[in-house]
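Shown next, in structure tokens, is the structure this report addresses.
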2 protein chains.
Amino acid sequence: MATYPVTEQTKAGRYAERASYDKTLVHSILSSSPIAHVAFNAPSSTSTGTATHPSVLPMLAALSPSPHDPTSSVIYLHGSSHLRLATLCDPTPSNPDGGLPVTLSTTLLDGYVLALSPFSHSVNYRSVIVYGRAHLVTSPDEIMVAMESITNRLVPDRWDNSRVPPTPSEIKQTGILRVEIEGASAKVRAGGPHSDRRDLKNEETVGRVWTGVVPVWEEMGHPVDGSENGAGDAPGYVKGWVRGENAKRRGYAEENAVDQ
Amino acid sequence: MATYPVTEQTKAGRYAERASYDKTLVHSILSSSPIAHVAFNAPSSTSTGTATHPSVLPMLAALSPSPHDPTSSVIYLHGSSHLRLATLCDPTPSNPDGGLPVTLSTTLLDGYVLALSPFSHSVNYRSVIVYGRAHLVTSPDEIMVAMESITNRLVPDRWDNSRVPPTPSEIKQTGILRVEIEGASAKVRAGGPHSDRRDLKNEETVGRVWTGVVPVWEEMGHPVDGSENGAGDAPGYVKGWVRGENAKRRGYAEENAVDQ
């Protein structure tokens, strides 16, 4: 089992039994959501030595083989404010290699877990935290690879079924960050509620308070034609993806609503 | 319209037309998800003057009237590693009032937006970023208020329908942070795809590439009885909530799949 190294940053604190460094799990959670929250410190904000607010931006994220080493993975980011991020990635006297330290997070909610007492309530979830270093991608070839990776992350096979290749002007206007992964960890809670033993011995409480799990998943609806659409009904690769993902996601949430 | 102040931190950059400081919108997005990503800097990590990785934790979050001023709101946080956060909230020589600067983020995915070219692809979403200061709650009364607020945020009316009040030992073991909101902003993208004008003039492209939106929402399934459940079928306040939320969320995603 390939794992990410356990670092000071990714070392589990509370609920350590829920933590994992398994690359397959980390990657599967990252790939389940197109959006990651990207937290970083603008270099100027840390110069006083006191703690300040990190900045956070939601961005489109796609896992991709590293252009320098196909056996390892990088994360390409695309989204608002890339010009601002690009400036932050620039080399500075205190950081001559450039590269902005970023912390990426994504959480999938899988269920509401209702026990007898509020204290024992919980949620089923899968979350991932990635520590990495972001660099602005400047090579047109790599920008194109990243655009393809992000487009196919939105809808599988979409790249080949859209107007490609991008024009030189589109490539120039697309701001992409490449995040080299330094460490990553996943946290997962799955299964049914676990009430306090004393509550379970109280017949009045057990007979009155319903306990169980309400499963939750991200559901996709029927594709809605755009006002400019001139290609008829949504094609099979879109409809099939919607059907398959819905079944898979619903299946995960329902299976994990009970202890395995 | 009540708004949050525009600060250096919340000032919109790119896509400024998508930004809003409207309290009603900010609160509605915050209340749509039980989980927020909490980013912060451990005080020691910023002492060298160079940018470092922020820490990020997913935590349960519930908006609640401020205990000091019922006309304003605070956010109560509960989740893993509260002991670590509690230590970080302690007063230090450089921060004698205590309180940890935190940046909260939550994003709801509402749709995949497919245009003719990959460059014009997008997602419909609602995101919110909150800048605040977190304090450990120490008063048993306020811990109880926060527990009630978080429990009813999971499932409306759940508090009164569970085993309450919490025992003194449960209250003592529950770590709650109160976040005073210093600034907040929302970002929203809604509507159909907008392709490039040149692509729209190309009949071959328009006739070949399907464009439109795949709506997405968080769907809840049938409540699943826990193995320890002794109270029969899931009660009406749970089933009604599931039905109502599903209809509301699906409705939002589908309505916003086309330009309004």
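This one's a predicted model, so the numbers in the text were calculated from it and none came from an experiment. Every chain is numbered from 1 and lettered A, B, ... according to where its sequence line falls, protein lines coming before strand lines.
Per-residue heavy-atom pair counts under 4.5 Å with chain B were compared for A/Glu204, A/His194, A/Arg163, and the maximum is reached by A/Arg163. Across A/Ser122, A/Gly232, A/Pro34, A/Ser120, the residue that shares the most heavy-atom pairs under 4.5 angstrom with chain B is A/Pro34. Of the listed residues (A/Gly192, A/Ser117, A/Gly207, A/Pro215), the one with the most heavy-atom contacts under 4.5 Å to chain B is A/Pro215. For the set B/Ser33, B/Ser127, B/Pro235, the count of heavy-atom pairs under 4.5 angstrom toward chain A peaks at B/Pro235. Chain B forms the most heavy-atom pairs under 4.5 Å with one residue out of A/Val238, A/Val102, A/Asp259, A/Asp199, and that residue is A/Asp199. Between chain A and the residues B/Leu116, B/Asn246, B/Ile35, the largest count of heavy-atom pairs under 4.5 Å involves B/Leu116. When each of B/Glu254, B/Arg208, B/Met147 is checked for heavy-atom pairs under 4.5 Å with chain A, B/Arg208 comes out on top. For the set A/Gly212, A/Gly111, A/Ser55, A/Pro118, the count of heavy-atom pairs under 4.5 angstrom toward chain B peaks at A/Pro118. With chain B as the partner, the residue from A/Phe40, A/Trp159, A/Trp210 showing the most heavy-atom pairs under 4.5 Å is A/Trp210.
In this structure, the portions of A/Ser195 lying under 4.5 Å from any heavy atom of chain B include both its backbone and its side chain. For A/Ser105, the parts lying near chain B are the backbone and the side chain together; criterion is any non-hydrogen pair under 4.5 Å. The part of B/Thr205 that comes within reach of chain A is its side chain, from C-beta onward, which places non-hydrogen atoms under 4.5 angstrom from that chain. With a threshold of 4.5 angstrom between heavy atoms, A/Glu203 does not approach chain B through any atom at all. Both the backbone and the side chain of A/Ala234 come within contact range of chain B, each with at least one heavy atom under 4.5 Å from a heavy atom of that chain. Within the 4.5 angstrom heavy-atom criterion, atoms from both the backbone and the side chain of A/Val206 approach chain B. Interface remark: B/Pro166 contributes no atoms to any contact with chain A (heavy atom separation under 4.5 Å). For A/Val155, the part sitting under 4.5 Å from any heavy atom of chain B is the side chain, from C-beta outward, and nothing else. Proximity to chain B involves both the backbone and the side chain of A/Leu154, based on heavy atoms less than 4.5 angstrom apart. For a residue to count as touching a neighbouring chain, one of its non-hydrogen atoms must lie under 4.5 Å from one of that chain's; by this rule A/Asp233 touches chain B with the backbone only. With a 4.5 Å cut-off on non-hydrogen atoms, B/Ala39 touches chain A through its backbone and its side chain both. Within the 4.5 angstrom heavy-atom criterion, only side-chain atoms of B/Arg158, from C-beta onward, approach chain A. Both the backbone and the side chain of A/Leu114 come within less than 4.5 Å of a heavy atom in chain B. Of the two parts of A/Thr106, only the backbone, made up of N, CA, C and O, holds a non-hydrogen atom closer than 4.5 Å to a non-hydrogen atom of chain B. Proximity to chain A is absent for every atom of B/Glu148, based on heavy atoms less than 4.5 angstrom apart. The contact between B/Val123 and chain A is made entirely by side chain atoms (from C-beta outward), counting heavy-atom distances below 4.5 Å.
The backbone N or O of A/His37 sits nowhere less than 3.5 Å from a side-chain atom of B/His37 that would complete a donor-acceptor pair. A donor-acceptor pair is defined here as one N or O able to donate and one able to accept, closer than 3.5 Å; such a pair exists between the side chain of A/His53 and the backbone of B/Gly132. The backbone N or O of A/Pro54 lies less than 3.5 Å from a partner atom in the side chain of B/Thr103, making a donor-acceptor pair.
Of the inter-residue distances, the one linking A/Met59 atom CE with B/Thr107 atom OG1 reads 12.0 Å to the nearest 0.5 angstrom.
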Practice task
Apply ring pair (Phe, Tyr, Trp, His ring centres under 6.0 Å) to the pair A/Trp241 and B/Tyr112, showing each step before the final yes or no.
Solution key: CA-CA 12 Å; A/Trp241 165 68; B/Tyr112 294 90; 5.1 Å; yes
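Proximity to chain A at a heavy-atom threshold of 4.5 Å picks out B/Glu219, B/Met220, B/Gly221, B/His222, B/Pro223, B/Val224, B/Asp225, B/Gly226, B/Glu228, B/Asn229 from residues 219-229 of chain B, in numerical order.
Across all their heavy atoms, B/Val56 and A/Ile129 have their closest contact at O-CD1, 3.4 Å. Closest approach of A/Thr52 to B/Asn41, counting heavy atoms only: O-ND2, 3.0 Å.
In this structure, A/Val242 and B/Val214 have side chains that are in contact, with non-hydrogen atoms separated by less than 4.5 Å. A/Phe119 is listed as a side-chain neighbour of B/Gln173, based on a closest heavy-atom distance under 4.5 Å.
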